[in-house]
Amino acid sequence: MRLPRLHFGVSALRFHVEVQARRRAAADAALEVALLALERVRDGLGGDVQRAALLEGREAFVVRAVRHLLDGPDGARRALELLERYRGRALRDLAQDAARIVGGASDLDPLRARVAALESALGERESPAMLRGRSDGAAAATAKQLVAAERALLRATDTARAGSGSANDDGWQPPVAVWHGRPFREALPDGVRVVSVFSDDLGTCLFVVGGEDVHVVRSPVPRAAIADLVDTLHFRLGRFTAGPGFVVRHARRLARDTERALAAIADVFVEPLCDVLADTETLVIIPSGPWHQVPFAALPYIGKPLVQSVRVALTPALGLLDPGLRRARGAPLVCGFADSNAPSIDREAARVAAELPRSRRATGDAATFAAVRARPRPACLHVAAHGRHRLDAPAMSGVRLADGWLRAADLSTLDLRGSLVVLSGCETGVSSIRAGDEVHGLVRGAFAAGARDLVASLWRVGDESTMELMVAFHRARQTGLSAVAALAAAQSEQAERGRHPWFWAGFSAWTRALD
């Protein structure tokens with residue numbers, strides 16, 4: 001392991017020297033050696049945690065390499081290929097090794113029970129991250145125990161996945177990454193374009209894949225400015241959680257402020273792509289950094305939200321897309337766990353189940369992790385429940401069931417190969433973004449379990465509006481539409497009715513499919 005790390009360090013230094021000396025051929029050679037060494041280090045690491053942390057501290061090298069390639073011959077294609085060697089590689093390994101899942105890893109149940117018991121002891125108190133810093137009180141001591149138990153569960157999950165033998169006893173084969181230049185472009189269906197977003201201190205690059213070639217559209221707006229625009233937008237949207245009375249009283253101002261914030265982001269993303277969007281039916285976006293928090297469907301385009309003209313989907317990396325990815329065929333499972341703060345959850349579960357033929361429903365006390373684990377590879381797993389994203393421990397982000405939180409780490413151990421997963425709750429699509437644009441949270445958990453499609457939310461969504469959107473989404477799916485097209489249809493209907501984006505644009509469709 002030490003030798004590849006040393007090779008990387010030496011080659012990365014040589015690359016820097018050759019770039020400074022403007023010796024392009026020598027810099028290209030050093031760059032390739034450095035990348036190969038980095039991949040050998042990665043291949044020698046066994047667990048997801050280690051692989052996802054590999055690029056920490058090496059971001060400056062990758063950014064410099066991308067800019068170097070962009071300024072050379074065939075720059076757009078070569079720079080995008082480099083990004084694909086770097087972006088979401090650990091998540092890609094998890095998704096492609098989904099055949100090694102052992103159906104919920106029941107041997108982890110004692111650890112799950114320990115975490116759930118400690119969570120129950122804390123009740124609705126502050127988060128463990130807040131409490132563990134205190135030196136007094138039983139709650140602080142319990143929070144410290146919870147943090148330790150969560151770390152033990154995460155280590156055990158990582159070890160179980162890395163050490164398990166292949167569960168590929170049914171002929172299922174992990175999908176092969178399809179990104180390798182022209183063959184990928186030829187695999188794109190007509191009307192589908194992929195845009196990979198890259199922002200750094202020098203500006204933003206939009207890599208467009210589709211048609212005859214890869215090309216790049218550049219913007220001078222840097223990553224920090226994008227982050228500020230996104231923060232402003234979420235601040236504006238967050239005011240909708242102040243209650244219906246506040247929203248009604250300040251409707252015009254809220255609409256105006258949100259429109260301005262969306263327009264500022266659209267100036268960087270939509271405006272440069274107008275020519276591309278003109279002949280695009282489905283736009284698959286690979287976000288990076290702060291772009292993960294952008295509600296792309298609501299960005300203005302020719303005077304209306306983008307989703308009214310173009311279907312919008314997200315994916316973590318080109319290599320996760322597969323034109324031949326099969327759908328799961330198990331009976332759909334609808335889980336719902338409501339409380340006094342969200343009474344519509346039970347009604348949502350009932351109405352969604354009514355839209356899904358052959359569906360099974362688990363609500364109230366029956367909505368447990370065991371109930372979810374007992375039905376592998378459902379055509380659709382719809383979970384209507386409270387959601388949360390844990391900034392201090394993204395793998396512990398989850399949706400609340402009757403027996404505790406269904407965490408991202410738990411989700412990753414389920415057998416969801418080919419399934420559509422719908423996480424109908426608050427902040428289920430929020431991710432912490434680490435080096436290599438690795439997403440950490442429920443999005444990671446769903447794709448690690450082999451999910452084909454995922455619908456999840458970016459902010460604290462409304463109870464009634466979410467139920468309405470989800471019913472419309474599943475009804476559209478029953479007409480034969482894909483998950484991406486069905487969500488676009490449901491959101492477009494809401495936009496056509498003049499509803500504010502807060503009510504419908506929080507949900508995004510993540511996909512690994514090309515249909």
Side-chain angles (χ1 to χ4, degrees), residues 87 193-208 216-241 253-278 280 282-316 389 427 429-433 437 439 443 456-461 484 487-488 491-492 494-495 499-510:
R87 176 179 284 166
R193 296 290 183 274
V194 180
V195 174
S196 179
V197 187
F198 171 78
S199 293
D200 62 8
D201 292 343
L202 298 179
T204 296
C205 297
L206 307 175
F207 294 90
V208 182
V216 63
V217 180
R218 305 193 195 204
S219 166
V221 183
R223 181 186 178 106
I226 299 299
D228 287 343
L229 292 175
V230 174
D231 287 345
T232 298
L233 172 62
H234 280 266
F235 172 76
R236 303 299 185 197
L237 291 166
R239 302 178 74 180
F240 279 78
T241 62
R253 187 178 67 180
L254 291 174
R256 182 186 66 242
D257 291 347
T258 306
E259 287 170 2
R260 288 175 178 173
L262 288 167
I265 299 173
D267 285 343
V268 184
F269 182 83
V270 177
E271 184 63 28
L273 295 177
C274 280
D275 290 342
V276 173
L277 295 173
T280 298
T282 300
L283 185 69
V284 182
I285 302 165
I286 305 170
S288 69
W291 290 98
H292 282 88
Q293 309 307 323
V294 172
F296 290 95
L299 296 182
Y301 170 61
I302 56 176
K304 55 186 178 181
L306 179 61
V307 74
Q308 290 188 265
S309 301
V310 180
R311 300 166 180 169
V312 180
L314 304 178
T315 198
H389 178 70
E427 300 181 338
V430 176
S431 296
S432 296
I433 311 302
D437 280 310
V439 295
V443 173
S457 65
L458 282 175
W459 52 72
R460 291 175 59 191
V461 294
V484 171
L487 183 62
Q491 291 180 322
S492 201
Q494 294 280 305
R499 302 209 72 185
H500 190 280
W502 181 78
F503 293 100
W504 54 266
F507 284 93
S508 301
W510 291 80

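Sequential numbering from 1 along the given sequence is applied to the chain's residues.
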Quiz prompt | Side chains of Q491 and P305 in contact at under 4.5 Å (non-hydrogen atoms) | solution = no
Self-check item: Nearest-0.5 Å distance, OG of residue S508 to CD of residue Q293
Solution: 9.5 Å
Quiz item: Do F269 and V294 come within less than 4.5 Å of each other through their side chains, counting heavy atoms only?
Solution: no
Self-check item: Reference residue R236; test side chain to side chain contact (heavy atoms under 4.5 Å, CB included); the match among D257, D231, L254
Solution: D257
Exercise. Write down the atom of P287, the atom of H292, and the distance for their closest heavy-atom approach.
Key: O-CE1, 3.4 Å
Self-check item: side-chain contact (heavy atoms from CB on, under 4.5 Å) between L233 and T258, worked out
Solution: CA-CA 6 Å; L233 172 62; T258 306; 4.2 Å; yes
Practice problem: Go through F198 and V216 one step at a time and tell me if the side-chain contact (heavy atoms from CB on, under 4.5 Å) criterion holds. | Solution: CA-CA 10 Å; F198 171 78; V216 63; over 6 Å; no
Quiz item: Do W291 and S199 have side-chain atoms, one donor and one acceptor, less than 3.5 Å apart?
Solution: yes
Self-check item: Side chains of S309 and I302 in contact at under 4.5 Å (non-hydrogen atoms)
Solution: yes
Exercise. Assess whether atom CZ of R499 is packed by more than 12 heavy atoms of other residues, nucleotides or ligands within 6.0 Å.
Key: yes
Quiz item: Do side-chain atoms of T241 reach the backbone of G238 as a donor and acceptor pair under 3.5 angstrom?
Solution: yes
Practice problem: Please name the pair of heavy atoms, one in L299 and one in L262, separated by the smallest distance, quoted to 0.1 Å. | Solution: CD2-O, 3.7 Å
Quiz item: Please walk me through it: do L237 and H500 pass side-chain contact (heavy atoms from CB on, under 4.5 Å)?
Solution: CA-CA 10 Å; L237 291 166; H500 190 280; 4.0 Å; yes
Quiz item: Side chains of S219 and L206: closer than 4.5 Å at any heavy-atom pair?
Solution: no
Quiz prompt | Rounded distance (nearest 0.5 Å) linking atom OG1 of T280 with atom CG of L273 | solution = 8.5 Å
